[in-house]
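Heads up: the structure comes next, in structure tokens.
Every number for a ligand or one of its atoms is a count from 1 in the order of the listing. In this chain, numbering begins with 1 at the start of the sequence shown.
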Amino acid sequence: MIRPPISRAEAMLLDQNDPLAAKQALFDLPDGVAHLVGHSLGPPPKGALDRLDAAQRDWARGLVRSWNSAGWIDLAERTGDRIAALIGAGPGEVIVADSVSVNLFKLAAAALPLARKYVLFVEEDEFPTDQYIVAGLGAISGADVRVLPPGGTAAALSAGGVFIHSVVNFRSGEVADIAAHEREANKHGALILWDLSHATGVLDLKLGAEGARLATGCTYKYLNGGPGAPSFVYAARELASKLATPLPGWMGHAAPFAFDGTYAPREGVARFASGTPPILSLEALSGALEAIEGLPLIQLQDKARALGALAIARAQGMGLEILSPADDSVRGGHVSVRIPEGYPVVQALAARGVMADFRVPDTVRFGFSPLFLSYETVWDAMDALANILSSRSWDQPQFHARARVT
Ligand SMILES: Cc1ncc(COP(=O)(O)O)c(C=O)c1O
């Protein structure tokens, strides 16, 4: 178990010895903001903003030639290879494309004919888009859909179908054991489609070594790729070329510029590229990755968990109910606490420069991106929370007005 700091001075000492401390300077964050919401949208790395500038020039000056001269045509694959290194996959096993929702659909549809049973499984506390995609795919494919109670993994795997599951639960932050689940899936002819949205960039992921075969995830959280940054698809090398995408677009064709009327998929995971990639977003993502590349993933995971342990200890001191695992080894990058008046509390925190998020009905989430947060920042943010709760300063009309995004 991690022993969290028990004073602000101790927190500052941890900052002095933090091997990631220098990374904060790579981000364009306003002064005085405690960005505890990198599990939702990461702030901009300066490298991402620089790449956006360069991309504007490539567009304006290079025009359509930039597909070749600026390397736009293979940017999704090159960026995929860089993401592969961050999730424990090999070169050629990842491509950037579409959104997580679309990729869940493509991968689940491609996996169904290869599983022992033509059945889709999802747990009822899974992120809603995963549940909607399962229901929608079930309706058009004729696959049975089984929605399981939380913790229903064993039932799903022994039944031998396709199981969609998050590595880090979006609400609790609990981490699933990829290797153990894959061993079980293999025994029963099941295929697991991992949702890495809350895991990429904050966990020491080893997809290949742990036997993961299919995954997708997002790049706008801990990879800091920007709002609406594209998602990625992972398919293990030995499986990828056996998969038929249900959205066979021209960018996944073996020879898109042959303009052949008959679809012939590219080798490997690249077949999951459907249409033209969003180059401006990809350029931003590509610049953002420079902030994280080359770091030991375990260092990121350790710091995120240490910051989370600090927040948990402080929140317990305030008498709050913790909804995330106390065991650091099974917790991802965020910590959730139950606060019935969570919405106005989050607004009152924002008014003091502390960014968190609220999830209905009563969950406040704090995210601990290891690249740009310090122990001191988290300590002070928890002071702000304690003050807002004890003074009830959250109970003002302006903090109760609901925005569309919470
Ligand atoms: C676990 C999980 N899956 C899927 C999504 C949605 O991804 P997208 O909007 O790229 O479809 C999110 C978004 O936050 C998420 O947290």
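Contact residues for ligand 1 (protein heavy atom closer than 4.0 angstrom to any ligand atom): S99, V100, S101, F127, T129, D130, S166, D195, S197, H198, Y220, K221.
Heavy-atom minimum distance, S101 versus T129: OG-OG1, 2.8 Å.
Screening residues 235-264 for salt bridge (charged side-chain N to carboxylate O under 4.0 Å, His left out) gives no qualifying pairs among residues at least two apart or on separate chains.
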Identify each donor-acceptor pair in which a side-chain atom of residues 249-257 lies under 3.5 Å from a protein atom, sequence neighbours left out, and give them as a table.
| unit_1 | atom_1 | unit_2 | atom_2 | d |
| --- | --- | --- | --- | --- |
| H253 | ND1 | A255 | N | 2.8 |
| H253 | ND1 | A255 | O | 3.4 |
| H253 | NE2 | T262 | O | 3.0 |
| H253 | NE2 | A264 | N | 3.3 |

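Between D81 and R78 there is no salt bridge, since none of the side-chain N atoms of the basic residue sits less than 4.0 Å from a carboxylate O of the acidic one. Using a 4.0 Å cut-off between a side-chain N of Lys or Arg and a carboxylate O of Asp or Glu, D98 and K106 qualify as a salt bridge.
D195 is linked by a salt bridge (Lys or Arg N to Asp or Glu O under 4.0 Å) to nothing, counting only residues two or more places apart in sequence or in another chain.
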